[in-house]
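To start, the structure itself, in structure tokens.
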Amino acid sequence: MAKKYYVTTPIYYPNDIPHIGHAYTTIAADVIARWQKLQGKEVFFLTGTDDHGKKIAQAAEKAKLSPKEFTDQLIPKFKDAWKKLNIQYDRFIRTTDPDHEKIVQEILQKVFDNGDIYKGEYEGLYCTGCEAYYTEKDLEDGCCPIHKTKIEKLKEETYFFKLSKYQKPLLDLYKKNPTFISPKHRKQEIINRVKEGLKDLSVSRAGFDWGVPLPFDKDHVSYVWFDALFNYYSATREKSKQKFWPADVHLIGKDILWFHTVYWPAFLLSAGIDIPKTVFAHGWWTFNNEKISKSRGKVINVDELIAIAGVDSARYFLLREASFGEDGDFSEDALIERHNNELANKLGNLVSRTSALAEKYGITKTDKKLLKKLKLKEIEKNLEEFRTDKALNEIFAFIDVCNEYIQDKKPWETKDKKVLNELVEAIREIARLLSPFIPESAEKISEIFKSDNIKKAPILFQKVEDK
RNA sequence: AGCGGGAUGGAGCAGUCAGGUCAGCUCGUGAGGCCCAUAACCUCAAGGUCGGUAGUUCAAAUCUACCUCCCGCUACCA
């Protein structure tokens, strides 16, 4: 049986418009999924939305819809965006899916029976206007940042998860499984914070019903993280999917690293479920070196992203520009520069000149010497470690080698069919390696060089001129 | 305040974990080559005391200590 590979994105909050941040994580997951398929593995790629929570309930009320109707309306925005970006996910899970709700309840019951969930009182700073708790640092002069009203201390009955009990097991886990928190430089941050001690975590809310009811107390619904995190697991409970657990990688943004590397394994340990192999946190995008902020209109949504130079160029840019795990800066100019230079001039032109020469002079079989200069092992290693930028670097370094080769061998002069064949074989491999990143263009290239009867290629990447 | 990250030619970055093969890549600038190709491609050149100081070492961008400046995180927020 083929080896399996399971990759996830976070489940997104459906009230958002899909923007560059969502797109980045999802494209990265798609590239990894496609790459693993290329390695012959059986792949399961999960994405979805987190439909529960008070904010959604309130927004729905405003729109005079039930929360379910409200979220139903929002989901297509995400599905459309992923379709436009050529994302081949295997399942789009929603936290309102019945199979998910059922699993969450089973696990809540199990953890409750273990004694890891107990009833207690949560005391916090509560704003009645927002109907939400705030932490000390959110406040402005002791007032709610939105309503500017005095905030009050409130006690509420709630169920707690014994997170404190898992401090030691978590630290052991990090030690035993060094790649669980990736990239490496984020690990120490989490370890230090866990060492400082863990407080028990409130896992239920009373007073509204838009969530998964606690099986042992129907007046409470599960607090959002308990519900949301388990999506990764519940998607693997149907029979044909069970083999995929534990997940090979959860791709996430660095903002939710804490939840995925502390809460999530603690819940799983308590429920006696295997821990995923890796949680990989990537960085943030800035826009023209400024923080992306919705309020200032500095958001790039998916349509804008695609409009600049096409889907493949957008995919290519995002995975090439940012050192994976680090922050990256997005700008239209930078995207266009990479599109024109790397995709059009280097790759596109190589395909163009090679196909034109091959059409004119033909090719004959050779022993693929040029291909030996491709650092395939490096590329494979980088992709196993989610370093897409480095993998692309290596692939494009090889494209440079091909351009040098053609320059050096002057096949337009020598009409050497062997030289041309070396190039054709090289390009076939380049197309294969690039197919996870730029699926449409890679497919076109493969098509051009499919048989040995090659015709001159049309322009693959039309250059984008200055605006 | 604590914890974590960063500072590398004009711009943007890689290299730091495993010290020497390292000062690399892209853009920009200057000169040349080629004429197959998307005015693309190839070659060469100019440009950096690798944030600062001290140390370890035969050898430091890389390790250690201290300092300066930036950025992020500090938990019930999706």
- Message: Testing A/Asp227, A/Asp51, A/Thr95 one by one against A/His100 for a side-chain hydrogen bond (donor to acceptor under 3.5 Å, both in side chains), which residue passes?
- Response: A/Asp227

Determine the interatomic distance between [atom1] on [N] and the same-named atom on [M]; round to the nearest Å.
N	M	atom1	result
B/G48	B/A7	C1'	14 Å
B/G2	B/C13	C1'	31 Å
B/U16	B/A23	P	15 Å
B/A31	B/A46	P	15 Å
B/U43	B/C27	P	12 Å
B/G47	B/G55	P	30 Å
B/G19	B/C63	P	9 Å
B/C66	B/G20	P	25 Å

Salt-bridge present ([X], [Y]; N to O < 4.0 Å):
X	Y	value
A/Glu425	A/Arg428	yes
A/Arg91	A/Asp97	yes
A/Asp72	A/Arg94	yes

- Query: Can you find a pair of side-chain heavy atoms, one from A/Glu321 and one from A/Asp389, that are under 4.5 Å apart?
  - Reply: no

- Message: Wobble G-U and Watson-Crick pairs count when both distances are under 3.5 Å; given that, what is the 5' to 3' dot-bracket string of RNA chain B, with | for pairing to other strands?
- Response: (((((((..((((......[...)))).(((((.......))))).....(((((..]....))))))))))))....

- Message: Given the structure, check if the side chain of A/Asn349 and the base of B/A37 hold any donor-acceptor pair shorter than 3.5 Å.
- Response: yes

- Centres of the A/Tyr159 and A/Phe216 rings: under 6.0 Å? yes

- Task: Using a 4.0 Å heavy-atom cut-off across all strands, classify A/Asp255 as base, sugar-phosphate, or nothing.
- Result: nothing

- Would you indicate what A/Lys410 reaches in the nucleic acid, counting non-hydrogen atoms under 4.0 angstrom: base, sugar-phosphate, or nothing? nothing

